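To start, the structure itself, in structure tokens.
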Amino acid sequence: MTEPSGYSDDWSAIDAGYDAAPAAPARAGGGIAARALAARRGPDYLAGLNPEQRQAVETIDGPVLVLAGAGTGKTRVLTTRIAHILSSGRAWPSQILAVTFTNKAAREMRERIGHLIGGNVDGMAWLGTFHSICVKILRRHAELVGLSSGFSILDTDDQLRLMKQVIQAEGLDDKRWTARAFASLVDGWKNRALTPKDVPEGEARAFGNGKGRKLYAEYQDRLSVLNAADFGDLLLHVITLFKTHPDVLADYQRRFRFMLVDEYQDTNIAQYLWLRLLAQGNPNICCVGDDDQSIYGWRGAEVDNILRFEHDFAGATVIRLERNYRSTSHILAAASHLIAHNEGRLGKTLFTDDADPEAEPVCVASAWDSEEEARSIGDEIEALQARGHSLDQIAILVRASFQMREFEDRFVTLGLNYRVIGGPRFYERMEIRDAMAYFRCIAQPADDLAFERIVNTPKRGLGEATLKIVHELARAERIPLMQAAAQLCLTEEIKPKARKALADLLAAFERWRAQLGAMKHTELAEIVLDESGYTEMWRADRSAEAPGRLDNLKELVRSMEEFESLAGFLEHIALVMDRDNAEAGEAVSIMTLHSAKGLEFDTVFLPGWEEGLFPHQRALDESGRAGLEEERRLAYVGITRARKRAKIWFASNRRIHGLWQSSIPSRFLDELPEAHVEVVEPSTRYGGYGGGGYGASRFDARDPFQSGSYSTPGWQRAQRARAAQGGFAEAGGFARADMRSARARQQGPLTIEGELVARSVGDGVSDYAVGERVFHLKFGYGAIASIEGNKLTIDFEKAGRKRVLDSFVERH
DNA sequence: GGATAGGCGGTTTTT
DNA sequence: CCGCCTATCC
């Protein structure tokens with residue numbers, strides 16, 4: 001959350017003459033435009049662009065959609081285009097709107113433009129994320145949407161706490177109707193630019209005993225009273241502002257002569273509407289994106305936006321960037337062939353001129369279980385390292401974060417340096433949020449959520465009872481908590497002990513507020529953390545994390561130095577939640593496929609390509625075919641991260657929720673082109689019940705059982721099943737897999753190749769008996785020690801005691 | 001107010 | 001199976 005900053009001063013500079021386009025190139029003063037113009041003598045920024053890139057840079061008028069495949073120079077086009085607009089004298093830096101999704105992307109773009117035109121780009125006031133640009137607009141017109149200019153920005157945590165209060169205030173059971181569920185609902189509505197009155201009746205009724213709309217309206221009302229906005233509001237309020245105040249909209253339409261949007265495939269409906277409102281006054285909008293890399297549908301992104309671009313923006317020019325500068329032809333072929341299985345796409349074919357005869361094909365390997373997978377990948381990384389490859393150029397990209405732990409464990413054992421990208425961020429840590437809450441209370445006395453957070457941290461004897469009294473008064477009078485507390489300190493309503501504690505706290509805040517103008521904000525921060533007893537609290541804490549938390553607090557104060565004021569710092573934090581991940585030393589990167597988008601590495605390992613995990617079962621269950629296509633795009637993103645080497649793995653057994661499950665190779669493996677893929681002999685064994693559940697897989701044929709020596713019951717049964725069925729379901733028949741939903745998996749009997757494989761999947765009761773001798777594909781022979789429902793505890797002769805589902809063992 | 005047991009959920013994440 | 005949150009007890 002946050003609060004304002006010097007948002008008023010940037011305006012004078014920005015406003016200066018934004019109405020006029022730079023008329024004659026020659027007249028520009030000392031600004032960016034001038035430097036860009038100087039560079040024009042030889043527009044070397046255009047040199048080295050391929051024809052399509054050049055067209056994308058030079059087609060400045062009218063709507064343009066640049067379909068930029070992975071590694072085709074997207075950012076280069078975007079930044080060069082801006083340099084070109086500036087140098088051609090068509091606009092001042094302050095007349096260009098350039099929107100990105102992440103702060104990182106915005107920062108990179110700013111830097112690269114700086115390199116192109118040789119100098120700083122301070123004049124580009126409107127280069128930023130959707131959210132930061134919206135904040136800038138809103139600060140200026142806050143009153144028009146029921147806020148005042150210093151409004152706070154709530155983060156997810158504040159949002160949840162507020163929603164919980166609203167749900168409870170409606171007299172609903174907050175267990176049945178969780179704040180989390182409500183938050184995702186409201187986020188969804190805001191992503192679609194729906195205010196409480198716009199929400200379709202059916203959806204509104206589905207939550208909180210039919211009270212969805214009322215709760216949403218109530219929540220918005222509370223935000224307004226708190227003078228706060230959540231992330232979704234930032235866009236929503238600006239849309240409302242534009243719709244209800246045409247004069248304001250017209251002002252921005254005139255201001256933004258050229259608009260550029262990065263990662264257009266990730267825009268949601270609200271962002272699309274926002275852009276369209278602005279583009280109504282001015283068709284010079286250029287959107288850059290790749291429909292094949294749309295992987296955020298689950299958080300509201302509409303691939304449709306990019307698919308419909310030509311329709312939405314009349315007379316649009318569509319330019320395809322298909323020349324890839326990143327990967328080998330094998331990698332491109334693998335990725336292209338895979339993604340061609342998607343139907344809803346605009347279609348691009350990546351190619352490269354860089355045909356290296358030495359290039360390695362994409363590799364597919366199998367492991368017995370996830371442990372072996374981690375071990376093998378670890379070994380390979382060590383081998384690469386020994387051959388002089390930098391660990392910085394190696395990445396492991398997983399579908400789900402639980403997969404990371406196995407790699408971490410393994411790398412710790414090997415002493416291999418690794419770094420996990422993603423995960424909890426600096427500003428989300430408890431101690432940081434607490435400290436921030438103190439600062440917020442100082443800067444914005446009406447910030448109730450911040451006050452609630454720290455009122456009794458450290459403990460001051462201000463428990464629930466006291467807080468309830470304060471809350472009641474605040475609510476009745478519609479005043480901030482701190483104001484209510486101050487009033488109550490003058491009465492007898494609160495017990496003397498608590499009253500004293502409360503009065504002391506309020507006095508402290510008064511004191512700190514008075515000091516705000518008198519000293520450096522970093523100095524004040526230290527005083528606050530010290531006098532509040534907050535640092536002392538952690539110093540007294542004997543737990544293992546306490547020293548780290550104290551370090552983080554120091555780091556927080558240090559990072560405040562970069563800002564002019566406390567308010568400026570708070571604003572930054574609310575919008576820029578990323579932390580510098582620049583740890584020293586070479587390291588292998590471990591991250592999810594999602595967080596890998598936009599990155600590239602020489603060598604990429606892609607473990608866990610198994611049905612159910614990737615494509616993820618939940619994506620299939622919840623979004624069916626669209627879900628599958630998004631998973632496939634994720635696979636495409638994964639492969640295209642690799643410059644030289646991509647190695648895909650699948651494990652035949654994986655432990656999920658503590659139970660061993662045998663798994664089937666991902667259907668995506670069958671969608672890779674044989675000519676560019678090398679299947680590495682499985683190291684030892686084979687697991688699962690031979691044959692994919694949804695169709696023939698050429699990975700089925702490579703199991704060692706085929707070489708003859710195997711005759712286990714599971715194998716024989718699978719063979720019988722194949723023979724009986726006389727063939728397989730059509731490859732790629734995902735409809736069948738779709739039907740085999742998680743529910744069916746858990747409740748119905750599990751069949752593979754028409755054969756009943758699991759008798760009692762789910763809550764059924766096992767028909768095995770204690771003491772019975774059984775066979776398990778992975779663990780071999782053993783005796784049942786105990787039975788709980790369909791879960792057996794078995795003492796295996798070799799593997800020891802394990803718990804497995806009865807469906808994975810055979811009577812023997 | 002702090003410790004502890006029981007319940008629940010367990011894909012992906014930015015702003 | 002494991003980790004987190006909450007409710008409950010002292």
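Order of the sequence lines fixes the chain letters, A, B, ..., with proteins taken first and strands second; residue numbering starts at 1 for each chain. Computed from a predicted structure; not experimentally measured.
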Check this one for me: any side-chain N or O of [X] less than 4.0 Å away from OP1 or OP2 of [N]?
{"X": "A:T592", "N": "B:dT13", "result": "yes"}
{"X": "A:N103", "N": "B:dT14", "result": "no"}
{"X": "A:K175", "N": "C:dA7", "result": "yes"}
{"X": "A:K104", "N": "B:dT15", "result": "no"}

* Asked: Taking the inter-plane angle between the rings of A:Y534 and A:W538 on a 0 to 90° scale, is it parallel (under 30°), tilted (30 to 60°) or perpendicular (over 60°)?
  -> perpendicular
* Whole-Å P distance, C:dC5 and B:dT12 ->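 Their P atoms lie roughly 16 Å apart.
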* Nearest-angstrom distance, C1' atom, C:dC2 to B:dT13 -> 23 Å
Tell me which nucleotide among [options] gets nearest to the side chain of [X].
{"X": "A:L575", "options": "B:dT13, B:dT15, B:dG1", "answer": "B:dT15"}
{"X": "A:T129", "options": "B:dT11, B:dG1, B:dT15", "answer": "B:dT15"}
{"X": "A:R618", "options": "B:dT15, B:dT11, C:dT6", "answer": "B:dT11"}
{"X": "A:H616", "options": "B:dT11, B:dT12, B:dT14", "answer": "B:dT11"}
{"X": "A:F231", "options": "B:dT12, B:dT11, B:dT15", "answer": "B:dT15"}
{"X": "A:N456", "options": "B:dT14, B:dT13, B:dG1", "answer": "B:dG1"}

* Structure fact -> Heavy-atom closest pair (A:A106 atom, A:L127 atom, distance to 0.1 Å) is O-CD2, 3.5 Å
* So, for A:S595 and A:I421, which heavy atoms are closest and what is the spacing to 0.1 Å? -> OG-O, 4.2 Å
* **Most 5' of A:S132 and A:F402 on DNA chain B, judged by nearest nucleotide** =>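 Per heavy-atom nearest nucleotide, the more 5' residue is A:F402.
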* If you pin A:G658 and A:R460 to their nearest nucleotides in DNA chain B, which one's is more 5'? ->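 Result: A:R460.
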* Centroid distance under 5.5 Å and plane angle under 30°, A:Y296 vs B:dT13 -> no
* Do we see A:H594 stacking on the base of B:dT12, given a limit of 5.5 Å between centres and 30° between planes? -> no
* So how far is it from A:D292 CG to A:E629 CD, rounded to the nearest 0.5 Å? -> 10.0 Å
Please report, rounded to the nearest Å, how far the [atom2] atom of [N] is from the [atom1] atom of [X].
{"X": "A:D621", "N": "B:dT11", "atom1": "CG", "atom2": "P", "answer": "11 Å"}
{"X": "A:R176", "N": "B:dG9", "atom1": "CZ", "atom2": "P", "answer": "12 Å"}
{"X": "A:Q403", "N": "B:dT11", "atom1": "CD", "atom2": "P", "answer": "12 Å"}
{"X": "A:Q271", "N": "B:dT14", "atom1": "CD", "atom2": "P", "answer": "15 Å"}
{"X": "A:I573", "N": "B:dT14", "atom1": "CD1", "atom2": "P", "answer": "16 Å"}
{"X": "A:H572", "N": "B:dT14", "atom1": "NE2", "atom2": "C1'", "answer": "15 Å"}
{"X": "A:M591", "N": "B:dT12", "atom1": "CE", "atom2": "P", "answer": "15 Å"}
{"X": "A:R655", "N": "B:dG10", "atom1": "CZ", "atom2": "P", "answer": "19 Å"}

* Checking all strands, does A:G232 fall into the base, sugar-phosphate, or nothing category for heavy-atom contacts under 4.0 angstrom? ->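 If one applies the 4.0 Å heavy-atom cut-off, A:G232 turns out to touch nothing in the nucleic acid.
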* Describe the nucleic acid contact of A:E263 in one word from base, sugar-phosphate, nothing, applying a heavy-atom distance below 4.0 Å. => nothing
* **A:N456 side-chain N/O to A:R460 backbone N/O, donor-acceptor pair under 3.5 Å** =>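 Side chain of A:N456 to backbone of A:R460, a donor-acceptor pair under 3.5 Å: yes, one is there.
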* Asked: Counting only N and O atoms by type, is there a donor-acceptor contact under 3.5 Å from the side chain of A:S294 to the main-chain atoms of A:D291?
  -> no
* Asked: Do we get A:R299 above A:Y296's six-membered ring, with its NZ or CZ under 6.0 Å from the centre and within 45° of the axis?
  ->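 Yes - A:R299 lies over the ring of A:Y296, closer than 6.0 Å to its centre and within 45° of its axis.
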* Can you find a donor-acceptor N/O pair under 3.5 angstrom joining the side chain of A:R399 to the base of B:dT12? -> yes
